[in-house]
Amino acid sequence: MSESKAVLRISENVSLASYTTLGIGGPARFMLRAETEEQILDGLEFARGRGCPVFVLGGGSNILVSDAGFPGLVIKIELQGIDETGDGSGRISASAGVAWDAFVQRCVVKNLAGIECLSGIAGTVGGAPVQSIAAYGEDVREVITQIRALDRDTLRLVLLANADCKFAYRTSIF
């Protein structure tokens, strides 16, 4: 376990309605609002130790939560940060918990073309490759060069090139 174990804050019986765009859903047995990668790892170990299922939640769009709730651990991804390479390449990266529209706006301000027509899509940066979002002739799969992801089986971070993600219409390996 990482050093963050001491600050891991897992809540119990948290209503998921306030975490979804539709505002519906019952309680999560356990919930972790993860702001660091270490908290995510510790949360996964917490769930493994109790034999409970895990659901990873981003912006809460495109999901319906039953009134019965979720019987395991919900990990709400709240990692923040947008970084530019500074090498003039126009590459930019963002953490999974960044609001998708805020990321698009940052790219527009920096005159980085390729996702401006994807403005207004609900969700987070982390959800964009999962959904393989596209609109008005622009497609996120055409601009993603690399994804840093967590392999939930091995609990290791992996780097995936665009081709590794097997993007297709509204789908990917995620």
Side-chain angles (χ1 to χ4, degrees), residues 1-2 4-5 7-82 94-105 115 117-136 139-141 144 147-158 160 165-174:
M1 300 237 167
S2 72
S4 66
K5 178 84 171 147
V7 295
L8 192 64
R9 293 190 183 114
I10 295 180
S11 302
E12 294 187 57
N13 300 312
V14 176
S15 171
L16 295 173
S18 60
Y19 294 98
T20 68
T21 57
L22 293 176
I24 59 171
R29 173 68 179 100
F30 300 107
M31 184 165 188
L32 168 63
R33 295 178 62 182
E35 297 176 352
T36 68
E37 292 172 349
E38 292 79 15
Q39 288 173 338
I40 295 169
L41 290 168
D42 288 346
L44 291 170
E45 288 186 11
F46 169 91
R48 281 185 179 179
R50 285 160 183 74
C52 63
V54 174
F55 180 76
V56 178
L57 178 64
S61 60
N62 291 327
I63 67 164
L64 294 172
V65 178
S66 165
D67 288 341
F70 184 73
L73 173 66
V74 172
I75 300 178
K76 171 88 171 77
I77 304 296
E78 297 185 348
L79 284 73
Q80 296 297 308
I82 300 175
S95 297
V98 171
W100 175 254
D101 206 43
F103 178 66
V104 172
Q105 294 308 314
I115 62 170
C117 289
L118 303 180
S119 180
I121 294 176
T124 60
V125 168
V130 174
Q131 298 291 323
S132 190
I133 60 173
Y136 305 108
D139 194 321
V140 72
R141 63 185 166 168
I144 291 176
I147 293 177
R148 189 165 168 258
L150 175 67
D151 181 323
R152 286 178 53 182
D153 292 330
T154 65
L155 297 182
R156 292 182 181 215
L157 292 169
V158 295
L160 301 169
C165 299
K166 299 183 181 172
F167 289 116
Y169 180 76
R170 299 284 189 260
T171 189
S172 68
I173 64 166
F174 306 108

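Residues take their numbers from the sequence shown, with the count starting at 1. Given the structure is predicted, the values throughout are model-derived calculations rather than measurements. Values reported hereafter were calculated over all heavy atoms of this structure, with side chains retained and with hydrogens, waters and symmetry mates removed.
Applying the salt bridge (charged side-chain N to carboxylate O under 4.0 Å, His left out) criterion to R152, with sequence neighbours excluded, gives no partner residue. In this view, F103 and W100 satisfy the ring pair (Phe, Tyr, Trp, His ring centres under 6.0 Å) rule, not counting sequence neighbours. Applying the salt bridge (charged side-chain N to carboxylate O under 4.0 Å, His left out) criterion to E35, with sequence neighbours excluded, gives no partner residue.
A centroid separation of less than 6.0 Å is found between the aromatic rings of F46 and F30.
The neighbour count for R156 CZ, taken as heavy atoms of other residues, nucleotides or ligands under 6.0 Å away, does not exceed 12. Surrounding CZ of R148 are at most 12 heavy atoms belonging to other residues, nucleotides or ligands under 6.0 Å away.
Atoms CZ and CG, from F167 and D139 in turn, are 8.5 Å apart once rounded to the nearest 0.5 Å.
A 4.5 Å side-chain heavy-atom check between F70 and P53 finds at least one atom pair inside the cut-off. In this structure the side chain of L155 reaches within 4.5 angstrom of the side chain of R48, judged on heavy atoms. Between L157 and E37, the closest side-chain pair of non-hydrogen atoms falls below 4.5 Å. Side-chain atoms of L32 and V74, non-hydrogen and from C-beta on, never get closer than 4.5 Å to each other. A 4.5 Å side-chain heavy-atom check between L41 and L150 finds at least one atom pair inside the cut-off.
Counting only residues at least two apart or on different chains, the salt bridge (charged side-chain N to carboxylate O under 4.0 Å, His left out) pairs with a member in residues 8-30 are E12-R29. The salt bridge (charged side-chain N to carboxylate O under 4.0 Å, His left out) contacts involving residues 54-77 comprise nothing, where partners must be two or more places apart or lie in separate chains. Applying the side chain to side chain donor-acceptor pair (under 3.5 Å) rule to pairs touching residues 119-131 yields D101-S119, Q105-S119, sequence neighbours excluded.
Of the possible polar contacts, none joining the S95 side chain to the V98 backbone as a donor-acceptor pair under 3.5 Å is found. For the pair S11 (side chain) and V14 (backbone), a donor-acceptor distance under 3.5 Å is absent.
Under the side-chain contact (heavy atoms from CB on, under 4.5 Å) rule, K166 has a single partner from T171, I173, L160, which is I173.
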